[in-house]
Amino acid sequence: MNSLACRRARIAGACAVALAACTVALAAPTSAKAGTAKPPRAHGGNLRTGRAVPPLAELVKAAKKSDRAALERLAGRLGVARLGEAAQASDAATAQAALATIPLARGGVLLAGVVASRLDAPDPAVATAAARALGALLSGDVA
């Protein structure tokens, strides 16, 4: 009996040590592990969904090339809210690209007020892009 009690005590002690070691390993910060940390992403991420969000420079580049497929893809990745923010940007190229993309975005008609507010922009190119976007939204020709 005595040896059985000793054996159980040793097993219980070994389990306690193993459990303590696992707890310490899990509680250690991940940045302390060298070589396993990933470098920070170049693109930002949506904090709510965790999806990578492309920079607006990609939108401007696709708009300058008149690449409708890229604009539609970026419209889906950026989302209506970010397109609305970009349409109100002070940078004319960003605003024009966002205004060209809004009619292609799913739910882009929700931004009709934002597009209409850009009709009186001081830059005539932005005002023209807003007029085209509003016409496309109201005619219902696009998504």
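Between Ser139 and Ala136, the shortest heavy-atom distance links the atoms OG-O, 3.3 Å. Among all heavy-atom pairs drawn from Ala130 and Val115, the shortest one is O-CG1, 3.2 Å. A pairwise comparison of heavy atoms in Ala89 and Thr94 identifies CB-CG2, 4.1 Å as the closest pair. Scanning all heavy atoms of the two residues, the minimum distance from Val60 to Ala97 falls at CA-CB, 3.8 Å. The shortest heavy-atom contact between Ala92 and Asp123 is CB-OD2, 3.1 Å. Annotation for Val80 and Gly108: closest pair CG2-N, 4.4 Å, computed over non-hydrogen atoms.
In this structure, the separation between CD on Glu85 and CG on Leu111 is 10.0 Å, given to the nearest 0.5 Å. With values rounded to the nearest 0.5 angstrom, Leu59 atom CG is found 11.0 Å from Asp67 atom CG. Between atom CG of residue Leu56 and atom CG of residue Leu74 there is a gap of 9.5 Å, rounded to the nearest 0.5 Å. Taken to the nearest 0.5 Å, the NZ atom of Lys64 stands 11.0 Å off from the NZ atom of Lys61.
Within a 6.0 Å sphere centred on CZ of Arg73, heavy atoms belonging to other residues, nucleotides or ligands number more than 12.
Note on Leu110 and Leu134: separate hydrophobic clusters, where clusters join Ile, Leu, Val, Met, Phe, Trp and Tyr whose side-chain heavy atoms are under 4.5 Å apart, directly or indirectly. A single hydrophobic cluster is seen to contain both Val126 and Val114, as judged by linkage of ILVMFWY side chains at heavy-atom distances under 4.5 Å, directly or through other members. Hydrophobic clustering (ILVMFWY, side-chain heavy atoms < 4.5 Å, transitive): Leu78 and Leu104 are in one cluster.
The backbone N or O of Ala87 sits less than 3.5 Å from a side-chain atom of Arg118, completing a donor-acceptor pair.
When each of Val109, Leu83, Leu71 is tested with Ile102 by the rule side-chain contact (heavy atoms from CB on, under 4.5 Å), just one qualifies, namely Leu83.
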